[in-house]
There are 2 protein chains.
Amino acid sequence: MFSKSCEYAIKAMIFVAQKSDESNRIGIKEIAKGTDAPEHFMAKIMQDLSRRRLIHSVKGPNGGFYMDKSDLKNSIANIVKAIDGDVIYTDCVLGLKVCSEKNPCPVHNEYKEIKKNIIKMIEKNSIGDFKDKLDSARYFLKNNK
Amino acid sequence: MFSKSCEYAIKAMIFVAQKSDESNRIGIKEIAKGTDAPEHFMAKIMQDLSRRRLIHSVKGPNGGFYMDKSDLKNSIANIVKAIDGDVIYTDCVLGLKVCSEKNPCPVHNEYKEIKKNIIKMIEKNSIGDFKDKLDSARYFLKNNK
DNA sequence: TAAAATTATGTTTTCAAAATCTTGTGAATA
DNA sequence: TATTCACAAGATTTTGAAAACATAATTTTA
Ligand code: FES
Ligand code: FES
């Protein structure tokens, strides 16, 4: 559904949202550990997110990543679009070039509703909402060992 | 959502269902053309489907692939399971090792419902149903040019 | 023997991951 | 105050593996 990069990106965003604030940044190593992601690969993803201004970063000693109030308002959809583009919005489940009413694949009508729900899922919840969820300690970003 | 192989497999099954019967087989070339798939890649997929008895094949002159009555009863889910395994049934949308109620990712509850619908979509419709849809000529296996 | 699937093997492309090099920043210090 | 140094992100390149696609040889059978 999402690319590996995108999965890591979402987890990283939620992780940073929970663990950091304006004056308390968090480094790439911790982010990688906290999300079960390979460090170098995660570093690259964080660059993308930062370049696209979905997250703030500070270089140098005591530097790291953090999210401010407005960052917390971003939806999962914004992350997905930044990393994977709009494939989720335009893809046909059977791989036709475009998904459309004019040239629908046999599964189109069934899939249409599912797609709607997927989009709702990623658009209605903001990073901030997920931060709260994680705080409640009933949700996880990695498997318990 | 599905692998490329799986997309091709589903299209091929629907195509053969529509175009063939017991005494009227259809060759790999036609299947590839009719589904916009690379011929040799599709050949391999057809082998898989045939080995797993989701479709019948006959070698030699006038040979080819065809589906009998019982083949038509297969659901899309059977194809998906044959090609992609059960990832659709077990995967976590954020890539956790396992999707479970005990160790849910932040999106688990939202995704749970979507997953249910996806499974319903692939289980409730049989290949035969899609054959009828295609016959109605309002659905397509490839893009109109 | 010719037509067709089957099998085996090879190549290319894409994606995930790792490594390395560059740039910017804060703090110590002379 | 200017210099330097270490720390941390940013950017680029390389490697690895898997998926997608292609070629060729083999078997089966009308
Ligand atoms: S055309 Fe296939 S999902 Fe819309
Ligand atoms: S744990 Fe992530 S979808 Fe169920």
Side-chain angles (χ1 to χ4, degrees), chain A residues 1-13 15-16 19-20 22-33 35-67 71 82-85 87 91 94-95, chain B residues 1-13 15-16 19-20 22-33 35-67 80 83-85 87 94-95:
Chain A
M1 168 150 294
F2 304 132
S3 70
K4 220 72 189 135
S5 298
C6 193
E7 290 175 5
Y8 288 146
I10 296 170
K11 290 200 236 178
M13 289 285 281
F15 186 74
V16 174
K19 299 279 185 182
S20 80
E22 198 109 6
S23 58
N24 215 338
R25 295 94 181 229
I26 180 164
I28 191 69
K29 281 204 189 73
E30 266 185 277
I31 297 174
K33 261 186 204 151
T35 57
D36 260 347
E39 189 184 318
H40 295 287
F41 193 30
M42 182 55 100
K44 201 162 160 184
I45 293 164
M46 295 311 291
Q47 285 166 33
D48 280 351
L49 294 173
S50 153
R51 212 177 311 129
R52 286 168 182 281
R53 318 224 170 273
L54 292 169
I55 202 169
H56 283 80
S57 72
V58 177
K59 287 184 181 179
N62 287 313
F65 298 89
Y66 70 93
M67 304 186 82
D71 290 335
I83 304 291
D84 281 350
V87 279
D91 254 29
L94 288 192
Chain B
M1 168 151 295
F2 303 132
S3 69
K4 219 76 189 135
S5 299
C6 193
E7 289 175 7
Y8 288 147
I10 295 169
K11 289 199 236 179
M13 290 285 281
F15 186 75
V16 174
K19 301 278 185 183
S20 81
E22 199 109 7
S23 60
N24 214 340
R25 295 94 179 227
I26 181 163
I28 190 70
K29 281 204 189 70
E30 268 186 275
I31 297 173
K33 259 185 204 150
T35 57
D36 260 349
E39 186 183 322
H40 298 99
F41 191 33
M42 181 58 99
K44 208 178 198 167
I45 294 165
M46 296 310 292
Q47 286 165 35
D48 278 352
L49 294 173
S50 155
R51 213 172 314 126
R52 286 168 182 281
R53 318 227 170 272
L54 292 168
I55 202 169
H56 283 79
S57 72
V58 176
K59 286 185 180 181
N62 288 314
F65 297 89
Y66 70 93
M67 303 185 81
V80 173
I83 305 291
D84 281 351
V87 279
L94 288 192

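By convention in this document, chain letters (A, B, ...) are assigned in the order of the sequence lines, proteins followed by strands, and residues within each chain are numbered from 1.
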Legend entry - Heavy-atom donor-acceptor pair, A/Q47 side-chain to D/dA11 base, under 3.5 Å: yes
Legend entry - N/O donor-acceptor pair, side chain A/H40 with base C/dA17, under 3.5 angstrom: no
Legend entry - Sequence neighbours excluded - salt bridge (Lys or Arg N to Asp or Glu O under 4.0 Å) pairs with any residue from residues 40-54 of chain A: A/D48-A/R51
Inset, instruction - Tell me which nucleotide among C/dT6, D/dC21, C/dA17 gets nearest to the side chain of A/P38. - result: C/dA17
Legend entry - Upstream residue (5' side of DNA chain D) when A/D48 and A/P61 are each assigned their closest nucleotide: A/P61
Inset, instruction - Measure up the A/Y8 and A/F41 rings against each other and bin them: parallel (under 30°), tilted (30 to 60°), perpendicular (over 60°). - result: perpendicular
Legend entry - Check: B/L49 and B/F65 side chains under 4.5 Å, non-hydrogen atoms: no
Inset, instruction - Give a yes/no answer on whether the side chain of A/Y8 brings an N or O atom under 4.0 Å of OP1 or OP2 in C/dA17. - result: yes
Inset, instruction - First locate atom CD1 of A/I55, then atom CE of A/M46, and finally report the distance between them rounded to the nearest 0.5 Å. - result: 3.5 Å
Legend entry - Between D/dA24 (C1') and B/E39 (CD): distance, integer Å: 13 Å
Inset, instruction - Send over the distance from B/M42 CE to C/dA4 C1', rounded to a whole Å. - result: 17 Å
Inset, instruction - Starting from C1' on D/dT15, measure out to CZ on A/F41 and report it in whole angstrom. - result: 14 Å
Legend entry - Side chain A/K59 and base C/dT23 donor-acceptor under 3.5 Å: yes
